[in-house]
Structures are given as structure tokens and as C-alpha cells.
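Structure first, commentary second.
In listed order, ligands and their atoms are each counted from 1. Predicted, not measured: the structure shown is a model, and the values here were computed from it.
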Amino acid sequence: MSDLIHLLPDAVANQIAAGEVVQRPASAVKELLENAVDAGATHIKLIIRDAGKTLIQVIDNGCGLSERDARMCFERHATSKIQTANDLMAIHTLGFRGEALASIASIAQVELKSKRIDDEVGTSIIIEGSEFKSQSPISTPEGTSISVKNLFFNVPARRNFLKSNTLELKYIVEEFLRVALVNPEIAFTLYNQDRILHQVPASNLKQRLVALLGNAYNQRLIPVNQESGIVNIQGFIGKPEFAKKTRGEQYFFTNGRFIKNPYLHHAIENAFQQLIPKDSFPTYFIYLTVDPKTIDVNIHPTKTEVNFQDIKSIYAILHSSIRQSIGKFNLTPSLDFETEPSMDIPPLPKDAEVKQPVITVDPEYNPFEKKVRPQFEIPLPPRGKGNEEQWKPLYDPLKDVHFKPETLSQEGQGTQHILADWDKDASLKKHFRSFQAQNRYIISTTQSGIVILDPQKARERIIYERLLSSFENNLPSMQHQLHPQTILLSPEDFEMTMEMIDVFGKAGFGIREFGKNTILVEAIPADCVEENITDLFESILEGLKSGTDDGKTKLQVRIAKSLAKSMAIFRKSRLETEEMEGMIEQLFACKIPDLTPDGNPTMIFISFEDLNKKFK
Ligand code: ADP
Ligand code: MG
């Protein structure tokens with residue numbers, strides 16, 4: 001019998017490596033940009049078509065490649081950057097695995113054109129799926145241009161796994177930003193479908209940040225500077241009052257490379273603690289420089305994870321330098337002092353009289369009579385006959401209801417029964433009033449038990465279903481703004497908003513383009529209670545970006561989910577009785593009242609039967 005083990009052909013090995021290095025167009029973008037930086041370019045152009053699915057091209061004016069190197073660079077483990085394993089310890093350049101080009105060329109059609117400064121002619125190479133097609137001399141400017149066409153053309157399975165163009169483009173722009181933010185001395189241009197998305201000249205760091213993020217950042221950033229033997233820290237943090245509802249603007253760089261490090265991220269978040277609202281994220285652009293010998297960047301194929309030798313000290317230094325920067329800019333005067341807030345109370349004037357506080361009581365006050373205008377005027381969808389027919393036969397006052405998602409059928413069987421209860425007992429409704437616990441939960445009864453409802457979750461469901469129906473019948477209900485508001489978005493968020501402007505319109509947003517990366521919000525959906533439109537909009541975009549895009553869920557459903565989640569948040573915690581009851585009615589008018597669009601419970605039901613058992 002012959003032997004079974006043989007070496008994999010290079011093309012196969014490269015494809016396997018590609019699985020690690022190139023997951024999506026953005027990964028190829030990262031590798032190509034890093035190579036251009038390593039080549040000493042002073043201007044780098046990135047050209048994208050169809051979110052990188054049909055074309056990614058990087059043009060640099062760097063050192064270029066010789067005729068031989070142009071062939072060699074596509075070989076596996078071909079690198080000019082390290083020679084011995086020892087070099088690994090002190091490497092300063094970005095890429096050093098010698099894997100990227102070989103991997104990319106194994107899963108795409110690649111054309112490289114390059115010329116060194118001293119060469120008469122340049123060279124052009126075409127490689128498709130690891131297969132060498134041709135090499136010829138050409139006339140080309142100094143530097144290198146690499147076009148990656150039809151990524152994954154020979155790996156349909158991977159191609160099918162790619163997300164929508166919107167999302168893939170977002171990943172690409174993110175990689176672009178990560179490289180552009182750490183190389184301010186290099187000029188960058190990013191073209192998407194022949195339109196310039198970003199164009200930034202060589203500059204200093206602050207100018208680079210402002211150029212990429214928008215002029216508004218001029219006022220928003222505080223510098224961070226700290227030199228020590230272990231680590232040098234530089235960069236900028238956003239003033240706490242500009243903390244964002246979106247996690248987007250958090251960047252960590254170490255020795256010129258973007259990295260992720262949850263531990264150090266925590267050092268920063270912690271320094272911002274109590275200065276920004278719980279649901280907001282601090283903005284930061286932090287650049288660490290450490291002795292390359294004290295880190296290991298090679299622990300991850302995409303090189304975004306880094307091991308630090310002395311991470312505990314770095315944590316402490318980072319934390320304190322952020323606190324210092326915040327303190328220095330006098331943002332929180334009491335921050336660095338251990339003063340009790342009560343000690344700031346000014347002393348009484350000398351012969352001032354100290355008065356007993358007076359409590360006034362209104363003996364006529366009857367909380368149940370007070371007429372208030374409910375804050376939530378969500379038009380009730382007609383409770384059609386069809387719906388009634390669904391729940392009537394299900395009505396069974398003795399049947400206990402569990403609100404675990406898995407026990408519920410699509411029709412929300414369980415809750416139809418509570419709804420029936422609620423509807424039937426008009427007299428009960430008159431006598432019994434819902435009340436609120438902890439300024440949050442609404443507690444109410446039905447004939448067969450007690451319902452405890454989370455108003456925010458309930459609103460999520462109510463708004464979600466209303467949005468879906470206004471998408472369907474194209475009848476959004478909007479509130480026009482007396483003072484239309486402009487919102488400055490990041491270029492990516494702006495692009496995303498423009499792409500979805502129709503759907504936003506159907507949801508009730510009146511949005512117009514209003515200058516560079518700026519939108520004008522003229523109307524918002526009727527059930528919006530959030531006063532801060534910018535906050536609301538940012539959180540909607542964040543929801544859309546972080547939501548799962550399995551490529552199957554309809555865009556409208558994803559948008560409805562994200563909108564509902566953001567719009568459901570309301571600052572007001574105490575609700576009037578009418579508001580509570582209005583909400584319960586609206587919730588039970590929903591198709592699936594007991595779950596949020598994400599499948600979390602909106603309410604809990606405890607049957608009297610269960611209660612009785614407990615008191616036995
Ligand atoms: P690595 O960057 O880890 O060395 P790559 O596969 O990314 O591996 O690149 C292989 C080699 O090709 C690099 O070491 C470099 O010598 C050369 N190279 C790649 N891109 C460029 C470029 N834009 N300009 C000049 N040389 C390049
Ligand atoms: Mg490389």
C-alpha cells in the first residue's frame with residue numbers, strides 16, 4: 001500500500017492561510033494599506049468598487065518592487081521585513097508574516113504594477129487564484145499599484161458569506177481610518193464608486209483627526225500626553241459632554257498599529273466613569289509607544305491583538321494620565337480633590353434666619369381623578385375581528401402563562417389570554433388602577449393574575465409593530481419640528497443614512513442632505529419622546545451597525561428593530577395612570593405583545609393560582 005501523507009500544494013496552503021488573513025474585503029484593504037505604509041509612501045490612494053467585492057485597489061508612491069521581487073512577493077513566507085526569528089522581537093514595520101499577498105492572490109484576480117525610483121521601466125504581473133498568468137515590462141509611475149479583483153471568485157462559499165455592501169463598505173472604511181489615523185504624515189484618498197469619501201493631506205495628528213472626523217472635533221478633543229520609562233502615551237480624548245451613543249470612536253494604537261485590548265480599554269472607560277451617562281461611550285484616540293521587545297504582536301493572524309509584558313503598569317499609567325487630562329482641562333473641578341459635595345454649600349449670611357421647611361398638602365388631591373394628557377399618543381391599530389377570533393377560543397382563565405419565549409407560539413397565545421382578561425373586565429379596570437414600582441415597572445391586575453410590565457420594553461414592541469405597519473402601508477406618522485435640527489455625522493454614518501433615507505422616511509423621519517456629512521432633520525416619528533434628536537439618531541445608527549446582519553433579515557425589519565429600541569428610551573420615569581393604561585392597551589393590541597422584537601420579555605405574569613399556592 002502506498003503512503004497516505006503528502007504535502008499540500010502551495011495554492012491550497014495559501015487558500016487555507018487566506019481563510020485566516022482575509023475574511024472579507026476589509027481584511028485585504030488592511031494588508032494592502034499596511035504594505036504601502038511600509039513601503040515608505042507619502043501618498044496612498046484606496047479605490048473601492050462594490051464594497052470591495054469587485055475591486056480593491058491601492059496605489060502608493062513608495063519604494064516599489066524589482067522585477068524579481070514583484071514575482072517573489074506572492075510566494076508564501078516571502079517578506080523583505082524579517083530574516084531571522086530574532087528579528088521578530090524588534091520589528092517596527094507593520095506586516096511581517098509574508099503571508100498577505102500570497103493569501104490574497106490565492107482567492108482573487110490580482111494585478112500588480114510597480115516601479116522603483118532608479119529603474120527605467122516598471123513591471124506588471126497578473127496572478128489569478130495563485131496561478132501565475134503573465135509578467136511584462138510597462139511604463140508606470142514610481143511606486144506600486146495593486147488591484148484585487150473579484151475577491152473569493154474561486155471560493156463561492158466565502159463570497160456567499162459576505163454581508164451587504166453597506167456593511168462591507170463600513171468595515172473597509174473602518175480599516176482605512178485605522179491606518180489613516182496613525183499615519184498623519186501620509187496623505188490618503190479613499191474613493192468609493194468613483195466618489196471621494198475621504199481626502200486628507202499630510203498633517204499633524206490633531207489636524208488628521210479633525211480632517212477625518214469633521215470640524216466639530218476641533219472643540220471636542222482634549223490632548224493626552226504622558227512619558228514614562230514603560231510607555232509613552234499620546235493622543236486625544238473627547239470631552240465627556242460629547243460622549244457618543246455609538247461606540248464608534250474608540251481607537252487604540254500601539255507602535256503605529258491599531259490594536260484591540262479590552263483591558264486597556266477598561267482603563268479609559270473607568271477614567272471616564274461618572275462623567276458620562278451610562279449608555280454613552282467615551283471618544284478616544286490613544287497612541288502608545290513601547291519598546292517593541294516588550295510586546296508580542298504576532299499572536300493573531302490579523303495582528304490586532306497584542307500582548308504587553310507589563311500590562312498592569314500600563315493600565316495604571318494610562319488611567320491616571322486620562323484622569324489628569326480631564327482634570328487639567330478643568331472639566332470636573334472636584335475630580336482631583338477628595339472634597340465632599342456637601343462642603344461646597346456656601347455658608348449662611350450672618351444673621352440669616354433658619355426656616356423650617358414647609359410641607360403643603362392638598363387635601364382635595366385625588367390621584368385617580370386627575371386628567372392628564374397622556375404623553376404617548378400612539379394611534380391604536382384597529383383591533384380587527386380577526387384578532388378577536390384568534391384569542392377568543394384561547395381564553396381560559398385557569399391556564400397559567402409562562403413568558404419564556406420558547407413556550408410562546410407565534411400568535412402570542414399566552415398573552416391573548418391576559419388580553420382577554422383585561423378586556424372583559426371593564427368594571428375591574430374602573431376600580432383598579434395600575435401603579436408603578438421603582439419608577440419603572442407597571443403593575444396591574446387581570447381577572448386571573450398580576451401583570452408586571454417594563455414600560456421601555458413595552459414601548460419597544462409597540463413602536464416596532466407600528467413602524468412595520470407604516471412601512472407596509474407607507475403611511476408614516478410624523479411630528480414636524482418647529483426648529484429643524486442639523487446633525488453632523490461621520491462620513492460613514494452619513495453614507496449609511498443617505499442609503500437608507502427612503503426607509504427612514506417611511507418610518508416618519510423627514511431627513512435631508514444638508515452640506516458635507518450633515519443632515520437636516522425636519523420631522524421625527526410621531527411616537528418619539530426623546531428630545532435630543534442627535535442622541536436619538538446616533539443610537540439608531542449604532543443599533544443598525546451592531547445589529548446582526550445575517551443577510552436574510554429584511555432591511556426594513558432591522559431598521560424597525562433599531563428604531564424601536566432607540567425610540568423606546570424615554571427620560572421620563574414616572575408615568576401618569578392614563579399613560580400606563582394607554583400603554584397596556586397598546587401593548588395588548590400588538591401581534592406579539594409579550595416579547596420585544598429581540599425576543600426579551602416585555603412583561604411577567606403571575607397567576608393568582610400560583611400566588612395562592614405560595615401562600616398556603
Ligand atoms: P509582509 O508585509 O508580511 O512582508 P506581504 O505578503 O504583505 O508580507 O508582502 C510581501 C513583501 O512584498 C513585503 O515584505 C514587501 O517587500 C513587498 N511589498 C508588498 N507590498 C508592497 C508595496 N506596496 N510596495 C513595496 N513593496 C511591497
Ligand atoms: Mg504585509
Side-chain angles (χ1 to χ4, degrees), residues 10-11 13-23 26-47 56-85 87-108 110-119 122-125 127 130 132 135 138 140-148 151 175-176 178-179 182-183 186-189 255-258 292 296-304:
D10 267 0
N14 287 339
Q15 264 197 26
I16 294 170
E20 279 195 315
V21 182
V22 187
Q23 285 108 11
S27 344
V29 166
K30 171 190 153 79
E31 296 296 337
L32 298 179
L33 288 177
E34 287 185 347
N35 281 348
V37 170
D38 283 350
T42 58
H43 192 167
I44 299 174
K45 282 187 213 162
L46 170 62
I47 298 166
I56 300 164
Q57 185 177 10
V58 173
I59 305 173
D60 68 55
N61 61 352
C63 63
L65 290 145
S66 70
E67 211 188 316
R68 175 188 167 273
D69 284 355
R71 265 193 320 273
M72 275 296 289
C73 71
F74 292 105
E75 296 293 325
R76 207 140 170 244
H77 305 301
T79 175
S80 58
K81 295 163 196 171
I82 47 175
Q83 264 146 32
T84 68
D87 287 355
L88 265 182
M89 299 305 285
I91 195 86
H92 281 278
T93 44
L94 297 168
F96 49 82
R97 294 169 64 101
E99 247 174 14
L101 288 183
S103 301
I104 293 170
S106 74
I107 46 160
V110 176
E111 182 177 359
L112 175 143
K113 293 180 193 163
S114 194
K115 186 177 109 59
R116 294 180 302 181
I117 190 161
D118 295 328
D119 291 343
T123 183
S124 158
I125 278 203
I127 289 195
S130 287
F132 176 85
Q135 179 166 24
I138 50 155
T140 181
E142 274 147 40
T144 305
S145 155
I146 300 190
S147 306
V148 176
L151 195 69
E175 292 298 347
F176 171 84
R178 289 172 183 178
V179 177
V182 78
N183 293 291
I186 302 176
F188 286 91
T189 316
N255 294 3
R257 170 180 300 140
F258 173 86
D296 183 0
V297 270
N298 215 1
I299 55 176
H300 195 264
T302 59
K303 295 169 275 172
T304 50

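Residue N35 places at least one N or O, backbone or side chain, under 3.5 Å from an N or O of ligand 1. For D60, a nitrogen or oxygen atom sits less than 3.5 Å from a nitrogen or oxygen atom of ligand 1, counting backbone and side chain alike.
V58 is not listed as a side-chain neighbour of N35, based on a closest heavy-atom distance of 4.5 Å or more. Using a 4.5 Å heavy-atom threshold, the side chains of E31 and E99 count as separate. Looking at heavy atoms from C-beta onward, T123 lies out of side-chain contact with L65 at the 4.5 angstrom threshold.
The proximity of D69 to ligand 1, defined as any non-hydrogen pair under 4.0 Å, does not occur for either the backbone or the side chain. Counting heavy atoms under 4.0 Å from ligand 1, residue A39 touches it through the side chain alone. If you look at L65 next to ligand 1, the close heavy atoms, those under 4.0 Å, all belong to the side chain.
Applying the side-chain contact (heavy atoms from CB on, under 4.5 Å) rule to E142 yields the partners K115, I117; only residues at least two apart in sequence or on another chain are considered.
A donor and an acceptor atom, one from each side chain of S114 and T144, are located under 3.5 Å apart.
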Using distance only, find each side-chain donor-acceptor pair of residues 39-47 under 3.5 Å and give its atom names and separation, not counting sequence neighbours.
| unit_1 | atom_1 | unit_2 | atom_2 | d |
| --- | --- | --- | --- | --- |
| T42 | OG1 | N61 | ND2 | 2.8 |
| H43 | NE2 | T189 | OG1 | 3.1 |

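The nearest non-hydrogen atom to atom 12 (O) of ligand 1, considering only A41, C73, G62, comes from C73.
The distance from ligand 1 to the heavy atoms of A100 drops below 4.0 Å at these ligand atoms: 6 (O), 7 (O).
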